[in-house]
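First up is the structure itself, then whatever we jot down about it.
Lettering follows sequence order; numbering is per chain, from 1.
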Amino acid sequence: MDGPGIAGSLSAQPLADIRVLEMGVGVAGPVLARNLANFGADVIRVESARRPDSLRVGGAGWIPSEVDNAIRRDTRPLLDFSSAGKRSLGLEIDNAAGREVFERLVAVSDVYVTNLSANVLPKLGVTYEDLCRHRPDIVYISLTSFGDGDGPYSTYRSWGHNLTATAGLDARIGWPDRAPVQLGMAYPDYVAAHSGTAAVVAALLRRDLTGQGCCIGVSQFELAAACQVLGLAEVQMGTTDVGAIGNRRRGACPHGVYRCRGEERWVAISVLSDEMWHGLCHSEGLEHLGDDPRFSTPALRAEHEDELDDALAAWTCARTDWDVATELQHHGVAAAPVMDSWDILGDVHLHSRDAIRVVPSPRFGHDLFYGQAMALQETPPRIWRTAPAMGEHSREVLVDLLGYSEEAVDELVSVGVVTEMVEPTFVLERPYRNWIDKLVRLPWPPADFDPYEVIGAQLRSRALTAREEESRRP
Amino acid sequence: MSGDTRAPLLAGLRVLDLGGDALAFAGRMLAQLGAEVILLEPPTGELRAGSAVGDALLGGTPSPSFVAMAAGKRSLTIDRSTEQGRRIVLDLMPHVDVLLSTDGLDELDTAGLRPTLLLERCPRLVFVSATPFGLRGPRRHWKGSDLVAWATSAAMPAQGDPDRAPLAPAGGLADIAASLNAIASVTVALRARQRSGSGQLVDISNQEAMMSCAVEAGPLVDLDHGRIVRRTGARKPNPPNGHFRARDGTVALVAFMGPHWDALAAWIHEETGCTEVLDESLRGSPLNRRQAADQVDAWVESLTRRYGKQEFSEAAQRRGIPCTPLNTVAELLDDPHLAATQALVPVAVPGFGLVRMVQPPFVFDGERGVVGPVPELGADTSSILAEHLHVSDEQIAAWRTEKIV
């Protein structure tokens with residue numbers, strides 16, 4: 001849990017005075033904005049019900065497709081990662097009334113984050129120039145796949161897995177005797193989110209001094225290519241094998257992933273120095289390696305890498321992954337089990353660092369959150385709730401922030417310009433709730449727990465008002 | 001930081017980079033945002049040699065890994081194994097805004113850089129640590145590597161071929177994940193400092209940093225599926241989605257969505273005359289194609305093999321199908337899009353010549369930063385010591401004789 005004083009510590013958060021508008025889809029834009037929310041910014045997602053975020057499409061894997069989409073759209077687990085701690089405003093901005101709401105919102109916002117396609121931004125009227133008319137000192141960031149104009153790919157449609165291939169990242173994962181495989185995740189999206197966070201906050205630091213906003217453009221393709229920095233230097237400086245080389249790494253031997261006892265259990269071992277090699281040879285059951293003349297120098301070990309791998313694999317396969325890793329670490333060798341999701345959820349180390357949390361959720365009472373690695377010690381990330389439900393905060397944003405009357409909001413809702421959370425008292429339960437309880441070993445409040453208990457009196461009273469209103473509806 | 005509206009965002013910020021792999025890219029990115037980044041090196045230049053056996057072949061030239069990570073930094077050489085060397089580093093600390101360290105607690109103690117003590121002496125310092133598992137927790141003393149960070153991120157069971165061991169990519173992407181979390185943390189910590197006057201410790205765990213870049217291959221997704229998603233090679237089980245052979249290489253085709261499949265199926269039919277590909281039962285959700293995945297992929301490859309990879313990608317895009325060419329690292333240097341956006345810029349490397357690097361990926365108000373040159377060993381030692389510590393030339397000369405600087 002997030003600890004006490006959640007409401008009280010708000011103003012001490014580094015970005016507590018910052019309001020962010022986010023129009024994002026998938027990972028890159030939303031996770032950037034989530035990072036800002038985790039350090040105190042008031043992040044409002046402006047979400048269209050007609051053109052929803054891809055993570056609002058479908059829903060959790062276990063929810064039958066017969067369930068109303070207005071409920072399903074709040075249930076994708078990845079949403080909790082991408083949008084924890086934000087507010088959601090359901091708004092269509094392609095009409096006069098919606099546009100007015102949007103412009104009034106821009107006027108009271110400091111940052112605008114988007115990763116919509118470059119060609120969509122002018123059509124929606126959300127370019128930097130458009131927004132500057134309403135907020136001249138706005139810090140604006142646009143993350144696009146291939147930049148915003150030049151180049152043959154600039155109009156290309158793409159997913160994260162297109163970028164990993166084209167930026168040369170896929171070419172570096174695979175076995176030397178086979179074609180490369182696909183990287184398991186849309187890495188360019190995540191690095192765009194984290195480096196974009198730095199760019200936005202750096203721009204805020206300059207705005208604090210100069211009063212000037214700025215426009216930041218990021219081509220995710222170029223960023224992913226920039227992450228290929230090592231390979232690019234290698235290939236130009238004469239290194240061979242700048243391709244897929246299994247789990248081996250030049251200059252480090254042995255280096256790989258070895259089978260352990262049990263089904264699908266593996267251990268990763270990196271011997272990065274002579275010191276680590278000697279540590280390996282002092283590990284119980286590996287003493288013979290130190291006496292083997294084939295392995296006596298780094299060059300010889302590289303020459304006999306296959307034999308060395310076989311010798312290590314013979315040792316690891318009779319042991320558990322954790323036994324191997326613990327024994328090697330005891331001797332100063334970099335090693336760890338190849339952890340799967342269940343290992344992660346039960347990992348005592350991660351729990352001791354608060355890296356996995358159970359936080360209040362609008363649709364599930366409570367839900368799982370992890371994936372925030374910015375571990376500032378004095379102003380730690382505040383993860384006070386998971387992702388908002390679609391349109392959950394539409395009314396409070398319009399009434400409290402923009403000064404609309406309740407009646408005016410009702411009107412906007414009735415004509416479909418504004419979307420509100422459907423059935424806010426309808427709380428679901430994830431099917432894995434019961435056994436995750438044991439696996440995660442985190443205090444997970446009973447199902448009848450009021451999620452608003454922990455978010456402070458102010459929000460609670462607001463929620464009660466909303467519920468009373470709900471109960472008054474015919 | 002500078003009040004000049006045209007100045008780079010982090011102009012005036014001083015960063016001391018202790019030279020660890022996991023934060024090397026952080027130093028580079030901060031330099032590209034305008035900070036002065038000082039790379040602390042041993043006078044023997046061993047950081048430059050690289051650990052790789054093959055690097056010895058390059059003679060006096062710095063290793064590729066050093067070149068990749070040192071561009072744009074200043075070089076300060078101090079022998080930290082000597083008492084005097086350690087003292088110089090400590091004396092420098094009050095003049096530094098940000099410290100980048102990948103040392104464990106024991107090494108920090110030896111160097112006199114234990115975070116709590118250092119922050120008492122230099123309360124405005126932002127102390128960024130990135131270690132395999134962080135400075136807190138039961139595994140805080142464990143050693144790590146880029147591979148170990150991947151292994152502990154939950155991403156690997158889903159990466160690789162099904163009949164072989166799980167895979168991590170080469171190229172240091174876990175280190176880059178740590179570095180990018182670090183630079184985001186630096187900016188947030190600077191804004192906290194602006195409000196409170198105090199710096200702080202940032203305790204990055206490389207495991208958590210990799211997890212923060214791999215969420216679609218971890219617990220949230222596996223819990224939702226009710227099982228661990230296992231590796232399926234170069235293609236995902238929602239066809240067609242993955243790598244397909246073209247005449248001269250490979251394309252990445254991600255056409256699992258209904259409309260994209262329709263467009264692709266029509267194209268396959270047009271070119272090959274195959275009619276089964278249009279079967280109604282295959283349309284719509286990718287689940288409808290899962291049973292026939294091998295057949296679907298074979299049809300797709302019968303089309304992609306007729307084209308070059310650039311040519312196929314262009315033609316697919318004209319039909320609205322997300323498809324791009326797969327580049328090897330060498331091919332990336334000749335990529336037509338990078339050429340058109342002039343994204344690759346030459347960077348001077350001492351003892352070697354020019355190496356092309358990707359220019360800073362941020363455009364601020366239409367302007368890009370620059371990638372600075374790779375510094376000569378110790379090139380900035382005298383100026384940094386004179387400027388920040390007001391050390392006399394005679395003193396520097398004496399230290400140089402003693403091989404401390």
Side-chain angles (χ1 to χ4, degrees), chain A residues 14 39 61 77 81 151 153 156-157 159 162 165-166 168 171-173 181 184-185 190 194-195 197-198 201-202 206 209-210 212 217 222-223 225-227 229-231 233-237 242 250-251 257 268 270 329 334 336 338-341 344 349 352-353 371 373-375 377-379 432, chain B residues 3 5 9 51-52 64 67-68 137 139 142-143 145 147-148 151-152 154-159 165 169-171 180-181 183-185 187 191-192 200-201 203 208-209 212-217 219-220 222 224 228 233-234 252 254 322 324 326-330 332 337 340-341 355 358 361 363:
Chain A
F39 290 94
F81 166 76
Y153 307 159
Y156 276 18
R157 291 158 191 261
W159 296 87
N162 292 111
T166 308
R172 305 222 66 193
I173 178 165
V181 301
M185 73 293 303
Y190 298 90
H194 298 315
S195 53
T197 304
V201 183
R206 191 177 66 174
L209 292 172
T210 65
Q212 302 278 320
E222 286 182 17
L223 179 62
C227 292
V229 58
L230 181 57
E234 285 178 339
V235 81
Q236 294 176 81
M237 296 181 73
V242 188
R250 277 180 347 112
V257 169
S270 296
Q329 287 283 354
V338 173
M339 294 171 77
D340 64 25
S341 293
I344 293 284
H349 177 81
S352 79
R353 292 178 54 84
M374 295 166 61
Q377 296 302 288
E378 301 303 321
T379 56
Y432 41 81
Chain B
T5 53
L9 296 185
S51 56
V67 167
R139 283 204 299 273
W142 276 32
K143 306 284 184 213
S145 65
L147 175 65
V148 163
T152 51
M156 280 182 68
Q159 278 183 168
L180 296 179
N181 273 286
I183 62 165
S185 301
T187 57
R191 200 147 193 285
Q200 59 178 302
L201 172 66
D203 175 23
E208 289 164 27
S212 82
C213 291
V215 175
E216 74 215 63
L220 286 179
D222 288 342
D224 198 45
I228 307 279
V254 188
T324 53
L326 181 141
N327 279 321
T328 63
V329 179
L332 198 55
H337 188 82
T341 58
V355 168
V358 180
V363 183

So which of [options] has the biggest tally of heavy-atom pairs under 4.5 Å with chain A?
options: B:Thr341, B:Asp224, B:Val358, B:Thr328; answer: B:Asp224
options: B:Glu216, B:His337, B:Lys143; answer: B:His337
options: B:Met156, B:Glu208, B:Arg191; answer: B:Arg191
options: B:Ser212, B:Ala252, B:Ala217; answer: B:Ser212
options: B:Thr152, B:Val355, B:Leu147; answer: B:Leu147
options: B:Gly233, B:Ala158, B:Ala330, B:Ala192; answer: B:Gly233

Once rounded to the nearest 0.5 Å, what's the spacing between atom [atom1] of [X] and atom [atom2] of [Y]?
X: A:Met185; Y: B:Cys213; atom1: CE; atom2: SG; value: 8.5 Å
X: B:Leu326; Y: A:Asn162; atom1: CG; atom2: CG; value: 10.5 Å
X: B:Thr324; Y: A:Arg157; atom1: OG1; atom2: CZ; value: 14.0 Å
X: B:Ile228; Y: A:Ser341; atom1: CD1; atom2: OG; value: 4.5 Å
X: A:Arg206; Y: B:Leu9; atom1: CZ; atom2: CG; value: 5.0 Å
X: B:Ile183; Y: A:Thr197; atom1: CD1; atom2: OG1; value: 9.0 Å

- With a 4.5 angstrom heavy-atom cut-off, could you sort out which part of B:Leu332 is near chain A: side chain, backbone, both or neither?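 B:Leu332 touches chain A through side-chain heavy atoms alone.
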Among [options], which has the most heavy-atom pairs under 4.5 Å with chain B?
options: A:Gly231, A:Ser195, A:Gly61; value: A:Ser195
options: A:Ala171, A:Gly168, A:Pro77; value: A:Pro77
options: A:Gly151, A:Cys227, A:Gly371, A:Ala165; value: A:Ala165
options: A:Leu230, A:Val201, A:Val338, A:Thr166; value: A:Thr166

Part of [X] lying under 4.5 Å from any heavy atom of chain B:
X: A:Val235; result: side chain
X: A:Leu223; result: both
X: A:Tyr153; result: both
X: A:Glu234; result: both

What are the two closest non-hydrogen atoms of [X] and [Y], and how far apart are they?
X: A:Ala373; Y: B:Asn181; answer: CB-OD1, 3.7 Å
X: B:Ala154; Y: A:Asp340; answer: CB-C, 4.2 Å
X: A:Ala336; Y: B:Val148; answer: CB-CG1, 3.8 Å

For [X] and [Y], indicate whether the former's side chain and the latter's backbone hold a donor-acceptor pair under 3.5 Å.
X: B:Gln200; Y: A:Glu378; value: yes
X: A:Arg353; Y: B:Gly137; value: no
X: A:Glu222; Y: B:Pro361; value: no
X: A:His194; Y: B:Leu180; value: no

Does any non-hydrogen side-chain atom of [Y] lie less than 4.5 Å from one of [X]?
X: B:Val215; Y: A:Tyr190; value: yes
X: B:Val67; Y: A:Gln236; value: no
X: A:Ile173; Y: B:Gln159; value: yes

- Item | B:Ser145: side-chain hydrogen bond (donor to acceptor under 3.5 Å, both in side chains) partners, not counting sequence neighbours |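 Partners of B:Ser145 by the side-chain hydrogen bond (donor to acceptor under 3.5 Å, both in side chains) criterion, ordered by chain and then number, come out as A:Ser270.
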